[in-house]
Amino acid sequence: MARTSTRFAPASALRAVAAAGGQVLGVALGAVGRVRRGKPLHPRGTVHDATLTVWGAERAWRVPLLDEPGEYRCVVRASRGAGLPPPLPDVQGLAIRLEDPTVDLLLSTTGVGRVTRFVLLPRRTERRAMTTLLPVRTAAGPLQLRLTPAAAAAGARTWLLSAARGTGPWEPVGRLVAAAQPRHPDPDPPIRFDPVRHLPAGVTQYPWVRLVRDPAYVRSRQWSPASHWRSRRSAGS
């Protein structure tokens with residue numbers, strides 16, 4: 001029994017640290033939301049129609065979205081993490097929503113090295129490299145995605161989509177092209193992105209990642225425009 005408990009101690013310790021960190025982060029975001037009376041993170045953004053083109057993989061990622069060539073209509077929301085006004089640097093974010101079935105991908109400005117890809121970095125514009133920050137689990141191992149700004153065509157905003165196994169090299173897998181102008185007439189509709197539950201087929205969350213992220217998303221959703229919109233509908237206003 002002692003041998004078994006020792007074997008699993010590192011995993012248990014990691015889950016305990018992740019759970020504690022997630023609760024602290026959730027409480028902090030809840031406090032920010034109460035003070036701001038709105039979303040604690042990425043409070044304002046612009047939503048654009050977009051197209052995600054995947055080229056297909058020579059070496060399987062064991063994720064159909066990446067392995068099989070395809071073109072997907074989607075929407076993207078560009079936002080600043082703390083909501084600081086330009087030109088102040090902020091953690092830039094890009095949320096991607098694919099439909100049928102629903103898949104949400106959230107990327108933020110980070111480094112792209114073996115370590116810095118897991119570190120958030122404030123930038124002045126979203127036209128900088130972004131990653132999914134925390135890995136997801138696949139049959140081929142840990143997976144992380146990256147967006148790199150590319151030359152724009154006809155006013156559209158374009159990113160190269162790459163993927164990496166853990167801390168391995170980045171491999172190009174597709175391209176994201178977003179319309180230059182936001183959707184009209186509502187530039188920032190109440191869309192709720194949830195990368196914890198709306199995962200691509202073949203992908204699951206590591207337990208420690210869920211423990212970190214879940215409390216933060218619960219607190220953020222309490223102050224999301226979507227939640228306030230539903231409350232007003234329920235009240236008949």
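A donor-acceptor pair is defined here as one N or O able to donate and one able to accept, closer than 3.5 Å; no such pair exists between the side chain of E99 and the backbone of R73. The main-chain N or O of R62 is found under 3.5 Å from a side-chain atom of D67 such that the two form a donor-acceptor pair. Side-chain atoms of H48 never come within 3.5 Å of backbone atoms of V76 as a donor-acceptor pair (strictly under, hydrogens ignored). Under the 3.5 Å distance criterion, the side-chain polar atoms of Q92 are matched with a main-chain donor or acceptor of R123.
Surrounding CD of E58 are at most 12 heavy atoms belonging to other residues, nucleotides or ligands under 6.0 Å away. For R175, the CZ atom counts as loosely surrounded, since its 6.0 Å shell holds 12 or fewer non-hydrogen atoms of other residues, nucleotides or ligands.
Side-chain contact between R137 and P207 is present, with heavy atoms from C-beta onward closer than 4.5 Å. Between R183 and D49 the shortest side-chain heavy-atom distance falls below 4.5 Å. No side-chain heavy atom of V136 sits under 4.5 Å from any side-chain heavy atom of V63. A heavy-atom distance below 4.5 Å is not found between the side chains of E68 and V54.
Considering every non-hydrogen atom in both F118 and P135, the closest pair reads CE2-CD, 4.3 Å. Closest non-hydrogen pair, L84 versus D90, comes out as N-OD2, 3.0 Å. The two atoms that bring L160 and G174 nearest to each other are CD1-O, 3.3 Å, heavy atoms only. The shortest heavy-atom contact between R128 and T109 is CB-CG2, 4.3 Å. Minimum interatomic distance between A201 and P64 (heavy atoms only, all atoms of both residues): O-CD, 3.4 Å. Here the closest non-hydrogen pair linking F193 and I96 is CE2-C, 3.9 Å.
In this structure, L66 is not a member of the same hydrophobic cluster as W170, with clusters built from ILVMFWY side-chain heavy atoms closer than 4.5 Å. Hydrophobic clustering places V91 together with L134 (ILVMFWY residues linked when any side-chain heavy atoms are closer than 4.5 Å, directly or through intermediates). Residue V177 is not grouped with residue L94 when hydrophobic side chains (ILVMFWY) are merged at heavy-atom distances under 4.5 angstrom, including chains of intermediate members. V112 and L107 are not part of a single hydrophobic cluster, where members link through side-chain heavy atoms under 4.5 Å apart.
The side-chain hydrogen bond (donor to acceptor under 3.5 Å, both in side chains) test applied to R114 returns T167, not counting sequence neighbours.
Distance check: D194 CG to T102 OG1 gives 10.5 Å after rounding to the nearest 0.5 Å. Here the CG atom belonging to L199 is positioned 5.0 Å from the CD atom belonging to Q205, to the nearest 0.5 angstrom.
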Contacts under 3.5 angstrom, residues 139-155 side chains, donor-acceptor by atom type, not counting sequence neighbours:
unit_1, atom_1, unit_2, atom_2, d
Q144, NE2, R117, O, 3.2
Q144, NE2, T131, OG1, 3.4
Q144, NE2, L133, O, 3.0
R146, NE, T148, OG1, 2.9

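Partner of E126 under the salt bridge (charged side-chain N to carboxylate O under 4.0 Å, His left out) criterion, chosen from R80, R157, R77: R157.
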Query raised in the report: Given the rule in the side chain to side chain contact (heavy atoms under 4.5 Å, CB included) test, do C74 and L176 qualify, once you have shown the distances and angles that lead to the verdict?
Result: CA-CA 9 Å; C74 53; L176 176 69; 4.1 Å; yes
Query raised in the report: Taking it one step at a time, do V103 and Y72 satisfy side chain to side chain contact (heavy atoms under 4.5 Å, CB included)?
Result: CA-CA 11 Å; V103 172; Y72 306 89; over 6 Å; no
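The other residues sharing a hydrophobic cluster with L121 are V119, where clustering joins ILVMFWY side chains under 4.5 Å apart.
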